[in-house]
Amino acid sequence: MSTPESDLPPAPASGPQISVTVDGEATTVTEGTTGTELFSGRREIVVLRIDGELRDLSARLTAGAVVEGVSVDSPDGLAVLRHSAAHVLAQAVQQINPDVKLGIGPPVTDGFYYDFDVEQPFTPEDLKALDKVMARIIKEGQSFRRREVSDDEARAELADQPYKLELIGLKSTADTAGEGAAVEVGAGGLTIYDNVRRDGTVAWKDLCRGPHLPSTRLIGNGAQLMRSAAAYWRGSEKNPQLQRIYGTAWPTKDELRAYLDRLAEAERRDHRRLGTELDLFSFPDEIGSGLAVFHPKGGIIRTEMEEYSRRRHIEAGYSFVNTPHITKARLYELSGHLDWYADGMYPPMQLDEELDADGNIRKAAQDYYLKPMNCPMHILIYRSRGRSYRELPLRLFEFGTVYRYEKSGVVHGLTRARGFTQDDAHIFASREQMKDEITHALGFVLDLLKDYGLDDFYLELSTRNPEKSVGSDELWQEATDTLRQVAVESGLELVADPGGAAFYGPKISVQAKDAIGRTWQMSTVQLDLNLPELFELEYAAADGTRQRPVMIHRALFGSIERFFAVLTEHYAGAFPTWLAPVQVRAIPVAEAFEGYLAEVVAQLRTHGVRAELDSSHDRFPKKIRTASKEKIPFVLIAGGEDAEAGAVSFRFRDGSQENGVPVAVAVERILASIRDRTQV
RNA sequence: GCCCCCGUAGCUCAGUGGUAGAGCGCAGUCUUGGUAAGACUGAGGUCAUGGGUCCGAUUCCCAUCGGGGGCUCCA
């Protein structure tokens with residue numbers, strides 16, 4: 001960072017030669033050569049990596065440097081492209097509104113944002129106007145020029161930018177200054193990037209550590225503003241809210257279009273949309289925010305999901321329990337939930353108060369709470385009598401409905417609801433059994449998730465947050481090591497999540513990728529070091545001593561509602577046969593064949609298949625269309641040819657068909673699809 | 001919880017300071033023999049709720065409820 005890199009005369013054509021390594025090959029270049037010259041024939045190279053650090057293309061090479069060209073379509077290249085697009089956005093905003101105070105503008109996944117302090121929030125019309133201004137700036141071909149400045153110089157230049165001044169003051173702690181702040185100020189010296197027009201005048205400047213594209217022109221027409229929203233300055237709700245504009249940027253217009261198509265696809269799959277279209281569930285206003293009702297078709301899917309899970313849990317040695325939805329405060333005082341999570345719980349109901357004739361309280365009211373977690377209830381089952389080591393591991397399972405008072409702004413369809421049902425298990429085991437139990441639990445959940453159609457996983461290990469946790473260091477250490485060991489032995493990719501653990505113990509979470517590449521946090525396996533202590537859980541060991549069991553919390557779906565939403569989006573509403581609300585729709589070519597098909601339907605029903613005959617007055621093509629829109633896996637068609645041959649014709653979701661299939665074969669094929677849980 | 005946007009028929013959405021419209025869906029009649037919309041007729045709305053401004057409010061203003069996009073949060 002000690003050599004100035006911009007506004008220097010071109011390197012001399014001849015001069016002392018230096019040795020450098022370029023893209024892995026040793027070579028010599030004239031001293032003072034820049035990346036621009038080195039990669040002059042390769043337009044896709046927009047940035048350099050010199051000795052492992054990203055630098056502007058205009059950086060000069062020094063002797064011994066290891067240099068790589070970074071292509072615009074690489075992850076680093078894309079980040080630089082998007083960061084530069086954020087600068088163009090800020091320039092456009094300042095051009096329209098010179099009084100704006102600039103926040104930060106980092107790249108994010110698929111795009112960028114920039115935060116502004118403005119009097120009036122941005123409107124959609126503002127975004128359209130800004131898109132136009134940006135296009136003009138991009139077309140101008142302004143170059144990004146790096147300039148090193150001292151703290152005092154920066155303060156003088158940015159005197160009217162209070163947020164930038166704050167960042168300058170924070171630069172030594174940039175990593176913790178807030179989301180994105182590190183792209184503005186690094187730990188080293190400060191730099192300002194000037195946007196210079198072709199005539200040499202400075203169009204705009206911003207405090208920024210870079211690097212940037214050589215020219216705005218490289219943003220091309222792959223950038224577009226997406227939306228505006230509020231965001232807290234430096235990510236804290238104690239700070240003022242700024243107006244954030246989100247944009248996306250891609251190396252080419254085609255990639256931009258592909259990205260917009262992906263967004264459209266995600267919208268088509270949105271479980272809230274499909275829930276209405278397919279008549280699966282709804283959120284009646286009268287019930288309240290975040291509380292769903294499942295309609296008959298959604299009910300079938302949910303029942304199938306639960307039934308299969310229940311069967312597998314029995315096979316895996318779990319015991320089924322049931323607990324109430326409401327409890328006296330005492331239980332959650334004991335468990336510590338009222339200390340840690342009272343904000344997230346529905347407020348108490350006060351019951352059983354009795355007054356005497358004078359209106360004085362004769363008997364104090366009791367506080368009752370809706371339960372936000374099942375574990376304390378399961379613990380009471382464990383504690384209902386003395387336990388022996390012979391009973392361990394004791395695996396208690398329940399589809400337990402819980403209620404959490406989620407803040408109004410976070411409620412989101414079925415994925416973030418206020419009432420939901422956990423497929424919740426608590427395993428009580430001895431310390432010696434701990435590792436085997438965790439291994440068993442993790443293997444079990446992965447295996448089961450695959451049966452529901454998810455098979456691309458990685459694991460996350462959430463470890464202790466020292467400021468928000470209970471329990472001894474030794475126990476945390478042992479628990480974390482055990483989880484890590486199990487995770488590593490699973491062979492799956494493991495990502496660290498430092499400080500992400502709940503207060504009571506570390507956890508492994510399973511992240512699953514869906515059909516369009518989005519990841520969802522699914523199952524969790526958590527060790528609890530807290531509750532066995534608080535409830536003084538014990539068992540009699542083989543040697544007659546009293547021992548404390550360990551407790552493992554384990555949920556597979558997390559919440560059935562949420563998993564339902566994930567599967568709906570994963571399958572885009574086209575569920576595999578075993579989950580599909582209607583598995584077979586029989587459509588006669590004409591009314592005359594209704595009787596023939598009715599018999600086939602009856603036969604399927606005796607096998608438990610959810611089959612129905614379309615005897616509506618619609619015409620044949622309309623019936624096909626209706627079945628298609630309902631995403632029914634098997635459409636059975638019969639006309640004269642089929643009836644004479646004792647056959648039916650299949651029509652599948654993709655429009656393909658198979659004619660003249662003998663009824664017995666067709667039935668077996670449908671049954672096999674249900675049995676094997678295959679997608680069709 | 002905070003900021004912005006939204007709330008009109010079952011669904012998707014037009015529209016207006018003088019009490020409303022389309023398409024789909026639904027009902028009925030006629031029609032209908034091979035792979036994504038046959039025709040016609042009809043029913044259906046306190047324009048989310050409550051206040052306010054106004055001669056008059058679905059329309060303008062405020063509040064509440066609900067939804068959306070973010071931020072913060074997510075045991």
Side-chain angles (χ1 to χ4, degrees), chain A residues 113 115 120-124 126 178-179 226-246 267 270 272-273 276-279 282-290 332 335-337 339-345 372-376 402 404-413 415-418 422 462 468 500-505 507 521 524 526 528 530-531 553 555 558-559 562 587-593 616-630 635 637-643 649-653 655-659:
Chain A
Y113 66 79
D115 287 343
Q120 295 296 321
F122 298 103
T123 64
D126 291 337
E179 190 193 31
M226 302 300 288
R227 65 173 67 92
S228 64
Y232 296 109
W233 168 239
R234 292 176 54 211
S236 167
E237 60 186 330
K238 296 187 184 71
N239 288 337
Q241 280 195 334
L242 306 181
Q243 293 301 313
R244 173 172 297 180
I245 296 179
Y246 282 93
E267 202 177 318
D270 190 309
R272 294 164 299 179
R273 167 194 284 254
T276 304
E277 282 176 8
L278 301 177
D279 196 14
S282 61
F283 289 92
D285 287 359
E286 293 82 350
I287 295 179
S289 185
Y332 289 111
S335 69
H337 284 93
D339 292 335
W340 289 88
Y341 298 115
D343 286 352
M345 292 168 65
M373 286 188 99
N374 300 303
C375 25
V402 297
R404 298 179 184 179
Y405 189 71
E406 299 285 3
K407 290 196 279 182
S408 63
V410 308
V411 170
H412 183 92
T415 57
R416 194 80 182 269
R418 283 181 170 170
Q422 295 181 309
S462 299
K468 270 174 70 177
F503 76 90
Y504 54 75
K507 75 171 172 200
Q521 179 180 315
T524 58
Q526 304 188 242
D528 192 329
N530 187 43
L531 290 175
H553 301 240
S559 111
R562 191 179 125 88
I587 302 181
V589 164
E591 200 175 338
F593 308 104
S616 70
H617 284 185
D618 290 328
R619 295 176 76 218
F620 181 69
K622 179 58 186 282
K623 291 183 180 185
I624 297 287
R625 178 182 157 87
T626 304
S628 173
K629 290 197 78 163
E630 290 178 35
V635 174
I637 293 164
E641 291 162 35
D642 299 290
S649 297
F650 279 108
R651 185 187 196 278
F652 300 101
R653 283 166 172 151
S656 67
Q657 63 199 64
E658 211 176 308
N659 296 335

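Just so it is clear: chains get the letters A, B, ... in the order the sequence lines come, proteins before strands, and each one is counted from 1. Owing to the predicted nature of the structure, the values given are computational and were not obtained by experimental measurement.
Considering only side-chain N and O atoms, A:Arg416 lies nowhere under 4.0 angstrom from the phosphate OP1 or OP2 of B:C74. Proximity of A:Lys622 to the phosphate of B:G25: a side-chain N or O atom is located under 4.0 Å from OP1 or OP2. The phosphate of B:C4 (OP1 or OP2) has no side-chain N or O of A:Ser228 nearer than 4.0 angstrom. Under 4.0 angstrom from either OP1 or OP2 of B:C73 there lies no side-chain N or O belonging to A:Lys468. Between A:Ser289 and B:G67 there is a side-chain N or O to OP1 or OP2 distance below 4.0 Å. Here A:Arg244 does not reach the OP1 or OP2 of B:C3: none of its side-chain N or O atoms lies under 4.0 Å away. The shortest distance between the side-chain N/O atoms of A:Tyr246 and the OP1/OP2 oxygens of B:C71 is below 4.0 Å. Between B:C74 and A:Arg404, no contact under 4.0 Å exists linking OP1 or OP2 to a side-chain N or O. Within the structure, every side-chain polar atom (N or O) of A:His617 is placed at least 4.0 Å from both OP1 and OP2 of B:C30.
With both ends at atom C1', the span from B:G44 to B:A9 equals 6 Å, rounded to whole Å. When the P atom is used for both B:G28 and B:G70, the distance is 44 Å, rounded to whole Å. Nucleotides B:A63 and B:C5 are separated by 12 Å at their P atoms, to the nearest Å. A distance of about 14 Å separates the P atoms of B:U59 and B:C6, rounded to the whole Å. Comparing B:U58 with B:C2, their P atoms are spaced 29 Å from each other, to the whole Å. Going from the C1' atom of B:A14 to that of B:A22 covers 7 Å, rounded to whole Å. Taking the C1' atom of each, B:C13 and B:C3 are spaced 27 Å apart, rounded to whole Å. On the P atoms, B:G45 is 8 Å away from B:G10, given to the nearest whole Å.
Considering only the side chain of A:Met345, B:A75 comes nearest among B:A75, B:G34, B:G69.
Contact annotation for A:Asp343: no contact, since no heavy-atom pair falls under 4.0 Å across all strands. Here A:Arg619 lies in heavy-atom contact (under 4.0 Å) with a base. Using a 4.0 Å heavy-atom cutoff across all strands shown, A:Gly344 reaches at least one base atom of the nucleic acid. At a threshold of 4.0 angstrom between heavy atoms, the contacts of A:Glu277 with the nucleic acid are absent.
Rounding to the nearest 0.5 Å places CG of A:Asp618 at 6.5 Å from NZ of A:Lys623. The CD atom of A:Glu277 lies 10.0 Å from the CG atom of A:Asp270; values are rounded to the nearest 0.5 Å.
Counting atom types as modelled, A:Lys623 pairs no side-chain N or O with a base atom of B:U35 as donor and acceptor under 3.5 Å. With hydrogens and angles left out, the side chain of A:Glu406 and the base of B:C74 share no donor-acceptor pair within 3.5 Å. Judged by distance alone, with hydrogens and angles left aside, A:Tyr232 brings a side-chain donor or acceptor within reach of the base of B:G1, the pair sitting under 3.5 Å.
Comparing A:Ala229 and A:Gln243, the nucleotide of RNA chain B nearest to each residue sits closer to the 5' end for A:Gln243.
Put simply, the side chain of A:Thr276 gets close to the backbone of A:Arg272: a donor and an acceptor are under 3.5 Å apart. A:Ser628 places no side-chain N or O within donor-acceptor distance of the main-chain N or O of A:Ile624, the cut-off being under 3.5 Å.
Checked for salt-bridge contact, A:Arg244 and A:Asp115 meet the test: a charged N lies under 4.0 Å from a carboxylate O.
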